[in-house]
Amino acid sequence: MKIALIGYGKMGKEIESIAIGRGHEIILKVGAQQSKSLSRETLQQADAAIEFSSPECAYSNIMNCFQAGVPVVCGTTGWLQRLEEVKTACHQSRNAFFYASNFSIGVNIFFELNQYLAKIMNAYDEYEPLLEEIHHIHKKDSPSGTGITIAEGILRELQRKNEWKEGASPSPSVLAIHSKREGEVPGTHKVIYHSPVDDIEITHTAHNRKGFALGAVHAAEWIQGKKGTFGMNDMLGFGKK
Ligand SMILES: NC(=O)c1ccc[n+]([C@@H]2O[C@H](COP(=O)([O-])OP(=O)(O)OC[C@H]3O[C@@H](n4cnc5c(N)ncnc54)[C@H](OP(=O)(O)O)[C@@H]3O)[C@@H](O)[C@H]2O)c1
C-alpha cells in the first residue's frame, strides 16, 4: 500500500516505522511547511492518507484528501466540533474516513470496561466518579480526545451525570475531568469512583506511542475498498452483541 503521511511529528515518525515494517511504502511526508504546496495530483498517488497533525489544520487536510479521492485515517484530536461536516463531505464525495480519538487496542478495551463499570454504578450513588488524564507538556488540546471519549461513555451509561466539565464539578450532575500536563508522558487515563469507605479505580497507561501507530496502520489497511465513515468499534467489532 502507498501511504501519504500528513503530519510528520512524533506520531507520523512512529507510523512510518510500523508501516514500513508491515511492507508498505511511504510516498509522502507532509509537515506544516509542505502542506501549503501539497497538490491534488501528488495526493492521488496514495492508497491512503494517515493524518496526525494539529487541531488547527486537520479539517482542511482531510478535505484536501477527499478532493483527491484518497481514503483518510485521522487521529488528530481537538477539532471534533467539525466532525459532522467531515462525515457529510465524506458521504457526498463517496469516500472513506476513519477517525479514532485513540487507536490503541488497550484503550479501546478500556472504553468498553469504563462503560460496563458506569452501568453497574447506577445502583451505587454513594460513589462519585472523576476522570483524570495525564499527557506530555507539548499536547495542544485539553482535555484529551481520549478523555472526552471516556467521559461520553460514562454519560451514556451513568444516569446521575449528564455533562462533563474540565476542573471542579459545579453540580452533582456534572462529571469532573482533571487534565495534567507533565514531562513526556505518552498518555494516562484514570476513572476513579470515590466513596466515604473506598475507591474503585481503572487506569490505562500507554508506555509508548507504538500501540497508537499500529492501530492507525491497521485502520489504513482495513479501510481499503470501503466507503463511508468508520471508527474502532467497526474495525474491532466491539459493542456488537
Ligand atoms: N488518535 C490517537 O491514537 C492519537 C495518539 C497520539 C496522538 N494523537 C494526536 O495526534 C496529533 C499529532 O500528535 P503528535 O504527537 O505527532 O504531535 P507533534 O509531534 O506535535 O506533530 C505534529 C505534526 O503536525 C505537523 N503539522 C502542523 N501543521 C500542519 C499542516 N498544516 N499540515 C500538515 N502537518 C502539519 C507538524 O509539522 P512541523 O513539524 O513542520 O511543525 C508536526 O510534524 C495530536 O492531535 C495528538 O493529540 C492521537
Side-chain angles (χ1 to χ4, degrees), residues 3-19 26-40 42-43 46 49-68 70 72-83 86 97-111 133-150 152 179-189 204-220 222-223 230-236:
I3 298 177
L5 287 180
I6 304 184
Y8 191 59
K10 292 182 281 299
M11 280 305 299
K13 292 186 177 87
E14 201 70 62
I15 291 165
E16 175 181 39
S17 130
I18 300 243
I26 306 298
I27 59 156
L28 256 182
K29 299 173 198 173
V30 182
Q33 292 314 313
Q34 301 83 357
S35 77
K36 295 175 192 87
S37 56
L38 187 61
S39 73
R40 187 182 297 192
T42 321
L43 264 179
I50 304 186
E51 210 278 353
F52 278 71
S53 62
S54 149
E56 301 83 34
C57 61
Y59 175 81
S60 63
N61 287 336
I62 295 163
M63 290 299 170
N64 284 341
C65 292
F66 288 167
Q67 279 164 16
V70 180
V72 189
V73 171
C74 175
T76 305
T77 54
W79 63 274
L80 284 197
Q81 63 285 2
R82 305 199 77 174
L83 182 63
V86 163
F97 177 69
F98 192 119
Y99 178 77
S101 65
N102 197 304
F103 277 92
S104 108
I105 289 181
V107 160
N108 283 273
I109 294 170
F110 184 87
F111 288 158
E133 58 97 353
I134 311 169
H135 282 83
H136 54 85
I137 51 169
H138 317 286
K139 187 164 178 59
K140 289 186 177 165
D141 52 325
S142 168
S144 66
T146 304
I148 293 173
T149 305
I150 294 168
E152 285 170 348
S179 299
K180 296 183 183 170
R181 298 292 172 257
E182 304 174 345
E184 299 299 329
V185 179
T188 298
H189 293 87
H204 180 273
T205 311
H207 298 313
N208 51 51
R209 294 181 174 80
K210 284 190 176 45
F212 311 131
L214 182 60
V217 176
H218 272 152
W222 181 87
I223 207 174
F230 306 97
M232 292 298 277
N233 284 352
D234 300 305
M235 186 166 77
L236 300 176

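Counting convention: from 1, in listed order, for ligands and their atoms alike.
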Quiz item: Within a reach of under 6.0 Å around CG of L236, are more than 12 heavy atoms found that belong to other residues, nucleotides or ligands?
Solution: yes
Quiz prompt | Polar proximity ligand 1 side, Y8 side, N/O cut 3.5 Å exclusive | solution = yes
Quiz item: Which residue holds the protein heavy atom closest to atom 16 (O) of ligand 1, what is that atom called, and what is the gap in Å?
Solution: M11 N, 2.8 Å
Quiz item: For ligand 1, which atoms have a heavy atom of T77 less than 4.0 angstrom away?
Solution: 45 (O), 46 (C), 47 (O)
Exercise. Report yes if F103 has an N/O atom closer than 3.5 Å to an N/O atom of ligand 1; otherwise report no.
Key: yes
Self-check item: H207, NE2: over 12 other non-hydrogen atoms inside 6.0 angstrom
Solution: no
Self-check item: Shortest protein contact, atom 26 (N) of ligand 1 (heavy atom only)
Solution: A32 N, 3.7 Å
Quiz item: Aromatic rings F97 and Y99: how do their planes relate, parallel, tilted or perpendicular, breaks at 30° and 60°?
Solution: parallel
Quiz item: In the protein, what heavy atom is nearest to atom 12 (C) of ligand 1, and what distance, to one decimal place, separates them?
Solution: S53 O, 3.1 Å
Quiz item: Can any side-chain N or O of S144 pair as donor or acceptor with the backbone N or O of G147 at less than 3.5 Å?
Solution: yes
Quiz item: So, for A220 and I50, which heavy atoms are closest and what is the spacing to 0.1 Å?
Solution: CB-CD1, 3.9 Å
Quiz item: So which protein heavy atom does atom 30 (C) of ligand 1 come closest to, and at what separation?
Solution: C57 SG, 3.2 Å
Quiz item: Is the closest heavy atom of K139 to ligand 1 under 4.0 Å?
Solution: yes
Quiz item: Is ligand 1 under 4.0 Å from a heavy atom in the side chain of N61, in the backbone, in both, or in neither?
Solution: side chain
Quiz item: Quick check: does any side chain N or O of T146 sit under 3.5 Å from a backbone N or O of S101, one acting as donor and the other as acceptor?
Solution: yes
Quiz item: Can you tell me which residue and heavy atom of the protein come closest to atom 20 (O) of ligand 1, and the distance to 0.1 Å?
Solution: K10 NZ, 3.9 Å
Exercise. Note the single closest protein heavy atom to atom 2 (C) of ligand 1, along with its residue, its atom name and the distance in Å.
Key: S101 O, 3.5 Å
Self-check item: Which residue and heavy atom of the protein sit nearest atom 48 (C) of ligand 1, plus the separation
Solution: G75 O, 2.9 Å
Quiz item: Hey, does A100 sit under 4.0 Å from ligand 1 if you only count heavy atoms?
Solution: yes
Self-check item: Side-chain donor or acceptor of N102 paired with backbone N/O of N108 under 3.5 Å
Solution: no
Quiz item: Has K13 got more than 12 heavy atoms of other residues, nucleotides or ligands less than 6.0 Å from its NZ?
Solution: yes
Quiz item: How close does the nearest protein non-hydrogen atom get to atom 4 (C) of ligand 1, and which residue and atom is it?
Solution: F52 CE2, 3.5 Å
Quiz item: Which pair of heavy atoms, one from G75 and one from F103, lies closest together, and at what distance?
Solution: CA-CE1, 3.6 Å
Quiz prompt | Heavy-atom pair of closest approach, residues T76 and P55 | solution = CG2-N, 3.8 Å
Quiz prompt | For S35, atoms of ligand 1 separated by under 4.0 Å from a heavy atom | solution = 30 (C), 31 (N), 32 (N), 33 (C)
Quiz item: Under 4.0 Å from any heavy atom of V30, which atoms of ligand 1 are there?
Solution: 33 (C), 34 (N)
